[in-house]
Structure formats: C-alpha cells, structure tokens
Amino acid sequence: MNILLINHYAGSPKMGMEFRPFYLSREWVRQGHNVYIISADYSHVRKKNPEVENDFQTEQIEGVTYIWVKTREYKSNGISRLFNIFDFNKKLLLNVKKIVTICNPDLVIASSTYPYDNLVAHKIAKRAKAKHIYEVHDLWPLSPIELYGYSKFHPFILLTQYFEDYAYRKAHKVVSLLPKAKDYMVSRGMKPEKFICIPNGVLKEDWENCTDELPYEHFSKIDNIKRKGKKIVGYAGSHGQAYSLNNLLDAAQKLEGECSLHFVLVGSGLDKENLVRKYSVLSNVSFLPPVEKSQIPELLSKFDICYLGLQPASLFKFGISPNKLMDYMMASKPIISAIDAGNNPVLEAKCGYSVKPDDVEALVSVLKGVSFLSDLDLEILGRNGRKYILENYEYKKLSRDFLKLVSDYSTPTFANIPFSPPHIDQDIIDEVTNTLKSGWITTGPKVKEFEKLLAEFCHSKGVLAVNSATAGMELVLRWFGVGPGDEVIVPAYTFTATASVVCHCGAKPVIVDINKNDFVISVNEIIKNITPRTKVIMPVDIGGFTCDYDSILKIVSSTNIVNQFSANNDIQKKLGRILVLADAAHSLGAIYKGKRVGSLCDISVFSFHAVKNLTTAEGGAISFNLPDNFNQAELYTKLNQIILHGQSRDAFAKYAQGDWRYDVMSPGYKMNMTDIAASIGVIEIKRYQESTLKRRAEIYERYLDNFSKYEWAITKKSIDKDSASSFHLFMLRIKDASEEHRDRIIKQIFAKGVSANVHFLPLPMLSAYKDLGFSIADYPNAYNMYKNEITLPLYFNLTNEQVDYVCNVVAQAVAFVKSDFMAIDDNFYKTKTVEVKEQEILIND
C-alpha cells in the first residue's frame, strides 16, 4: 500500500520533533508499505531543519521518503508562523496532480497540528481514489482558545473552526491521540463511527539501541548530586508555561533543606529564562540544557522520580497522550503527574502518583512521601509503567492498529495474492490419506502408477520418477558418462540447477546466450560453442515455452557435428552423437509441432516442485525417448537401481516376492520418489489436461487481454503455428525499463498486496558462475530479457477478478515509477488508455 502522510512539522530522531510521523511511517515501511511524508522544510520544533533548495525535494530516511516543501522561516507563534502555514498549504493545493503522480496513494493522512491541510488531503485522496484520514494531534481551534486566550470570534479561530468541521465531515476516519475526544468531535459534525483512538507510543528497539552517553556537563552535575546522597526529581522537555513548571519549582522551594530531593530540569523553551532567573538561587534546583533524543534514555536512567505537569485547561477533559510520559514509563521511572485530564495513564499503569495541577501543597506532600520510599519501592513503580507502556503503546502495535482500523475492508498485503500456491483439494488429501493408511509410504505401487500415467500423457517410451528434477538431470549426465574434460552446453537464462549438475559431474558448463526476443537458448549460439569435448546440450523450456527442438536435433545429427563427436564409453558410442537432454521443469503439457514435451528429444526431465503446474510437493521425472537401438526397459531398470543405492531389487519387489536377498550392482544414489509424493501426482496427472491446463490457459489469456491496452507491455502469445505453452509462468516485460525501474515496479506491486517474481537472474550474474569466469557482458540477450522481466501470479485458484486486480496494480506501479524517472524518453510507459483506474475488488485467498 502507498501511504501519504502530510505533517507540516514532521521530524526524525536526528532532526528532532515531531517524532510520531516518523515512527509510524518507519513501522509501515517495515511492514512492506511505501510511505511518503510531505513536510515543510522549516519547523520551529525541530533542532535541525533540512537543507532544501527546491519545492518537493525528496530525501530517504530509514526507508521513509520525505518530500520537503520550501517555506519561509519564523521565530514565534505570531503572524509569521501563520504565513508559513498558509505558504505550505498553498503550495500543496497548487500541486495536487503532481503529488498524486509522485505518491499514487491509497491512504492520505492529514496529520499536522492544525486542520488546514485536510483540504489538500481530501483533494489528493479524491483524485487518487484513496481514503482521506484526519489525524488529530491537538484540538484546534480549541487549544489556542484555551491555552493562549484567543477569542472564538478571532478571524484566525473562525477560519480554523471551518477547517476542523470540514475535516470531520469529509474524512473517511478520524484518528485521535486523545481517548475522550469523541463527543466533542461528534458535536462538530463527525459521525460517531469515524472515531478511532491511536495514542502516542514508543519503540522498544530504539530504547535498547540507544547507548549515547550524556554530555559531560550533565553527567558531572548529576553525578555530583548523587554523591551527596540525593534522590533526583527530574523533568526533561520544553520549558513552557503549559507544563506547569512553576508549581514544581514552588514545591522545591518549600522543600529546600527539608528532604533529600534535588530537582533537575533539562531542556529549553520560551519560559526557561524566567524560570532560571527566579529559581536558580535554590540549592536543590539545577537547570541543564537539552540533550539529543538518543541521549534521553541515559538521562532518564539517572533520575529517581520523573515529573510531568500541565496547566489546568478544559480541553484536557478529552484526554492526554504526551510523549514525555511515554519516555518516563519506558525508562522504568516512577512518575508524579500534576495533570487534570479525562484519562490518567499514571494511575492506570500504577506507576506513580497524581495531584491536581495547581495544588502546590498536595505536590509538596507527595514529594515528601516519595523521598522516604526505598529503592525497591521506586523500582516496582517504574517496572509497572514500563510493562504497561510496552503492552499498550508500542509503535509496532499502534502502526498495525492504525491501518487495520482506518480500513473498512482487509487492506491487501503481499500475502493476499500469493505467487503460486499448489492446488491441494480434497481429492489429493483423500489419495494421500489412503496411501498413508496403506502402510506403504516409500517407493511402491503409487510411484509405478504415476510413472505409467505420466508416460502415457507424454507419449514417451518410459518414465522414471525421482525425488527432484535436479537429481534426474544429474543422474542422466552420470549415466551418459559425463565427467572431467567434458563440456555441456546450457543457456544463460535458467535456474542454477541446469548448470550446477554439470559441475557436480566434474564437467564444464558452457553457457551460451538466448534468442534476442524470447527466453530460450539460441540455436546459433549452440553451433558456435560445440567442440569435440561437447557431450550434452541441455536446452531449457522457460515459462512453459519450448525450445526449437527440431533445429537442435538437426544440429547434433548433422554430419560435421557427428564426425567431431568424441565418445568416451559404450553408451556414448551407441548414441553416436551429442545427447539432447531437455530441462523441461516448466513445460509439462507443452506442445511443439504436434508432439508433447517428454517425447521431443532424447531425454526430458520434469520438475514437480510445489510451484510447478503439477506438483508432488518435491519430485521430478525422467522421460525417455532415445533412439530405438536403446532398450528403454533395460535403461529404466538400470537407472531405477542407481536411484536406490544400486540395489538389484527395491523394497517393494523384495516385499512382494517374499525374498529379502539383494545385491548392490553399483555404488548408487538416494534419489527415489515416495508413494506419498506419487499419490499427489496421480491425482494431478489425471486432471492435468482437462482441468489444470485449461484453467491456466484461461488465466494466461486474461493477462494477455488486459495488457494489450498498454504499449509498454511486452507479452508472448501462448499458442503459435509451431507450439503451445504449458502456461507455467506469465512473464511480463516492461518496454525500455531498466533493472532499477523493474525492481521499483515490483516493490510497488508488493505494496498493493500482489506477490511477484523474476525468472531468472541469468547464470553469469550469479557469484558461483562469475567465479568460473563468466560475465553477463558476454550475454546481452539474456541481460536485456532479464532486466525488465516481472513474473506475475499464475495458479489454478487465481480468480478472474484477482487477475484483473493484478493487472491494474501493475499498470499503476508502472505509472508511478514513470513519475520518478522523468528523464526517460517520452515514449517510455506510453499507454493507449487515458487513465489507469484502480478497482476495489474483494480479494479471496
């Protein structure tokens, strides 16, 4: 999902406040979403503002994309700050289309202190067909009225009131930090069901990872106080009138010389100078400058008790959610709260004491009592607070709650439309259950039945089931006598197994390029790379599309190639030419010139891995189609022995004949398929043609139809005059896209709840083959096909509605990435349709 959060004052740990936008956004990024924060480049609450030269300048901070808008600076809460606010919102309003193009949002969150940005948030959401969320930090204009004495008839207040009411009416949901604000918001026109409370929070990992030491000034001062045996009552934060620090210091004055408490106030603010002037003469009071956010945990660890106060104000009846309170609780410190509010987290957490904000005598009394508490008593109170905050206020939880509650439907995640789950239904479950109950679960009658059905389906001369396609390919190479000094030609565009089995045998993989406009091995490149050492050619059917087998067989049978073939053993002499071993892992059911894969060349090997068209969970099969001078039955017997340790008889044969004796004919391997796996395959092959392939063909054609609207979409028809696909993969290519473009498109696709993949990284791009001396620079066709390829979901249970959703998501992702790469040629991503419209579709897993 793409999330756009508009917050005029958004900061980060290094910049300073505000922190909430960053913490929520970072969690959303970690959950797989794309998050953009639009913020002004100047904020009075940041310690450090970004250096911005142009409007809509972007910056990445821990995965979150900040979009900075240039605004004028200001020094106080006066007319200059208002100009800054209006400047920021004016620029957003004038660039709604640009913002939508950049962010392509699904959620638009207006999250500034004031409500004005809800106008632009609503316009962006409407244009993007997204949801508009109003996040209320402070109740404006009620806060300026209550805290700063503005008249409710002041023009600024009237304007603010209009936009607050507008936001309550227009927003899809209203997220409040204040738990008791619902009735007030309803009185201003909000529907009750819109209200959601998501308070401020904390991140446990940030506290655990904060190891920054205190500045020397702070460390030495606090250490000196501790040496005198004093308990420290600490305050860390802004020194403003709102935080009722006068009352705390008045209480300190009354306690001077009477108890072992020392009051340490750390921070800065408009009222600090006055406070220092009035109270610095007290022997039990110390003022220290602010510290970095990363130093807060260390600072609070030095305090014994923490203080938090707020001046009396009627707006606090709606509740409070101050960041300082969260920090105190995370530091496991007991808290004295001088706040009169609709909620009281300190008492709820049982982590301290609460007094009226204007009752200095009550505060003095509590402080005296606290001074007599033991270290253990203080520790218990502190532990209560930390436990409470982690259970209720961690940002990992709050971020998930936020997205869950603002959506009326289940927001898609990358698990909603998986890439290729197997088609496991009751028929398969029943068949496997019967096999389990039969008492014969290893290689036995089900494997034999599966081999027979598969041979009939492929019209081949015989099939041997094995435990993987990789094992099958290596078995054939070793049977043919491939070893050190030999060469095997493989395409650059394939999975590593094709080449790794050659390496296992001690032979040299000769990697060749593919065709310019499809994914299969180039016949011309095969011819160029045949030498007297070439023993095998391994063409690979990619995605369900077959290679040009007629041409390959014509090459290996041509007189000049046969004449240079150097046979090393009797099997090679018997064949008299290069063996054609097809890696047909993707192509069961594909047709080439009227014949099915499995009967097209000497030997073909299938894969039945979980993501394949036909699965046995794990498994593979070797399909024989050697010339008639080979006895296929003898070959089957020979290889069947090898895959079972070279035994003369398998366990099923020994059991059936009641004769336990056997011999080991060769030091074989353990490559056999089990009856459990084969029982899945039996059901799969019986329904393969009429059910599996039919449905996969429908899905493939629907993809083709959808993408035919876009000139940037490069697709391949599933059927032509020579061949028909097995519809294993839908491999979409994005015209003129680079690797970077492609990868960013995939990220966008995942964010919308759709899984995707790339088939494949060419072999010369993998370390194992680069170490053998291969370079992708020598394989331009493979690289050009790879760099803009995206494989989309294709599986039996994928619905037509889901296919349409996937296509729409891809189109939106392409449009989004286009906006980030404006330097690309104007024809890049050109579409035949005027606009890509998002469809709201119920996704059924």
Enquirer: Among all residues two or more places apart in sequence or in another chain, which pass the ring pair (Phe, Tyr, Trp, His ring centres under 6.0 Å) test with F303?
Expert: none
Enquirer: Kindly confirm or rule out a cation-pi arrangement of K293 over F19, judged by NZ or CZ under 6.0 Å from the six-membered ring centre and within 45° of its axis?
Expert: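 Relative to the ring axis of F19, which defines the angle, K293 lies inside both limits.
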Enquirer: Students often mix this up, so state it plainly: with edges at 30° and 60°, are the rings of Y114 and H8 parallel, tilted or perpendicular?
Expert: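 Perpendicular.
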Enquirer: Here's a test for you: under side chain to side chain contact (heavy atoms under 4.5 Å, CB included), which of N34, I3, I124 qualifies with P105?
Expert: I124
Enquirer: Can you check whether A10's main-chain N or O pairs, donor with acceptor, with S39's side chain at less than 3.5 Å?
Expert: yes
Enquirer: Is there a side-chain contact between L390 and M329 in this structure, where contact means two heavy atoms from C-beta onward sitting under 4.5 Å apart?
Expert: no
Enquirer: Does the side chain of Y328 come within less than 4.5 Å of L308's, by heavy atoms?
Expert: yes
Enquirer: Heavy-atom distance under 4.5 Å between the side chains of L5 and S111, does that happen here?
Expert: yes
Enquirer: With side chains defined as the heavy atoms from C-beta onward, is the minimum distance between K123 and L93 less than 4.5 Å?
Expert: yes
Enquirer: Among all residues two or more places apart in sequence or in another chain, which pass the salt bridge (charged side-chain N to carboxylate O under 4.0 Å, His left out) test with D223?
Expert: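 By the salt bridge (charged side-chain N to carboxylate O under 4.0 Å, His left out) rule, D223 matches R227.
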Enquirer: Before giving the answer on salt bridge (Lys or Arg N to Asp or Glu O under 4.0 Å), spell out for R20 and E135 the whole-Å C-alpha distance, their side-chain angles and the decisive distance to 0.1 Å.
Expert: CA-CA 11 Å; R20 176 184 172 92; E135 183 178 66; 2.9 Å; yes
Enquirer: Do N49 and S43 make a side-chain contact, defined as non-hydrogen atoms from C-beta onward lying under 4.5 Å apart?
Expert: yes
Enquirer: Do Y116 and T160 touch side chain to side chain, with heavy atoms closer than 4.5 Å?
Expert: yes
Enquirer: Mind checking what makes ring pair (Phe, Tyr, Trp, His ring centres under 6.0 Å) contact with H154, not counting sequence neighbours?
Expert: Y150
Enquirer: Suppose we screen for salt bridge (charged side-chain N to carboxylate O under 4.0 Å, His left out). Which residues come up paired with E298, at least two apart in sequence or across chains?
Expert: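 E298 satisfies salt bridge (charged side-chain N to carboxylate O under 4.0 Å, His left out) with K302 once adjacent residues are dropped.
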Enquirer: How would you list, by chain and number, every residue that makes a side-chain contact (heavy atoms from CB on, under 4.5 Å) with V29, sequence neighbours excluded?
Expert: V35, V64
Enquirer: What residues, two or more places apart in sequence or in another chain, satisfy side chain to side chain donor-acceptor pair (under 3.5 Å) together with S294?
Expert: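 S294 satisfies side chain to side chain donor-acceptor pair (under 3.5 Å) with D212 once adjacent residues are dropped.
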Enquirer: Using the test ring pair (Phe, Tyr, Trp, His ring centres under 6.0 Å), find all partners of F263 that sit at least two apart in sequence or belong to another chain.
Expert: none
Enquirer: Can you name the residues that form a side chain to side chain donor-acceptor pair (under 3.5 Å) with Y235, not counting sequence neighbours?
Expert: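 Residues passing side chain to side chain donor-acceptor pair (under 3.5 Å) with Y235: none at all.
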Enquirer: Who passes ring pair (Phe, Tyr, Trp, His ring centres under 6.0 Å) against H132, sequence neighbours left out?
Expert: H122
Enquirer: Side-chain contact test, heavy atoms from C-beta onward, threshold under 4.5 Å: evaluate it for I222 versus I232 and give yes or no.
Expert: yes
Enquirer: Are the side chains of V814 and H741 in contact, using a 4.5 Å heavy-atom criterion?
Expert: no
Enquirer: With V406 as reference, evaluate I198, I109, V175 under the side chain to side chain contact (heavy atoms under 4.5 Å, CB included) test and give the passing residue.
Expert: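 Of all the options given, the one that passes is V175.
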Enquirer: Evaluate the side-chain contact (heavy atoms from CB on, under 4.5 Å) criterion for residues N2 and C103: first the C-alpha distance (whole Å), next the side-chain angles of each, then the deciding distance (0.1 Å), finally the verdict.
Expert: CA-CA 7 Å; N2 294 331; C103 304; 5.9 Å; no
Enquirer: Flag the pair R744 and E740 as a salt bridge only when some basic side-chain nitrogen lies within less than 4.0 angstrom of an acidic carboxylate oxygen.
Expert: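 No, this pair does not count.
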Enquirer: Check whether more than 12 heavy atoms from other residues, nucleotides or ligands sit under 6.0 Å from atom NZ of K70, and answer yes or no.
Expert: yes
Enquirer: Can you see whether F318 has K182 sitting over its ring - NZ or CZ less than 6.0 Å from the centre and within 45° of the normal?
Expert: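 K182 over F318 ring: no.
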Enquirer: Is the Y74 to F83 ring centre distance short of 6.0 Å?
Expert: no
Enquirer: Any salt bridge linking E391 with K397? Criterion: basic side-chain nitrogen under 4.0 Å from a carboxylate oxygen.
Expert: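 Between K397 and E391 there is no salt bridge, as every charged N stays at least 4.0 Å from the carboxylate O atoms.
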Enquirer: Can any side-chain N or O of Y279 pair as donor or acceptor with the backbone N or O of L249 at less than 3.5 Å?
Expert: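 Judged by distance alone, no pair lies under 3.5 Å.
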Enquirer: Kindly write out the residues that satisfy side-chain contact (heavy atoms from CB on, under 4.5 Å) with N392, not counting sequence neighbours, or none if the list is empty.
Expert: Y388
Enquirer: Is Q295 reaching over with its side chain to a backbone N or O of E213, donor-acceptor style, under 3.5 angstrom?
Expert: yes
Enquirer: Are the ring centres of F402 and W28 closer than 6.0 Å?
Expert: yes
Enquirer: Go through the steps for D106 and K129 under the test salt bridge (Lys or Arg N to Asp or Glu O under 4.0 Å), then give the verdict.
Expert: CA-CA 7 Å; D106 302 292; K129 295 179 174 57; over 6 Å; no
Enquirer: Which residues pass the salt bridge (charged side-chain N to carboxylate O under 4.0 Å, His left out) test with K14, not counting sequence neighbours?
Expert: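 For K14, no residue satisfies salt bridge (charged side-chain N to carboxylate O under 4.0 Å, His left out) once neighbours in sequence are set aside.
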Enquirer: Counting heavy atoms not belonging to F156, are there more than 12 under 6.0 Å from its CZ?
Expert: yes
Enquirer: Taking T71's backbone N and O only, do any of them form a donor-acceptor pair with D41's side chain (distance below 3.5 Å, no angle check)?
Expert: yes
Enquirer: Kindly determine whether R72 and S80 satisfy side-chain contact (heavy atoms from CB on, under 4.5 Å), including the steps that lead there.
Expert: CA-CA 8 Å; R72 67 188 76 192; S80 59; over 6 Å; no
Enquirer: Does atom CD (E59) have a neighbourhood of more than 12 heavy atoms from anything else shown, all under 6.0 Å?
Expert: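 Atom CD in E59 is packed in, count exceeds 12.
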Enquirer: For the pair D165 and R188, find out whether any cationic side-chain nitrogen is under 4.0 Å from an anionic carboxylate oxygen.
Expert: yes
Enquirer: List in chain and number order the residues that pass salt bridge (charged side-chain N to carboxylate O under 4.0 Å, His left out) with R26, two or more places apart in sequence or in another chain; answer none if no residue qualifies.
Expert: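 R26 satisfies salt bridge (charged side-chain N to carboxylate O under 4.0 Å, His left out) with E62, D206 once adjacent residues are dropped.
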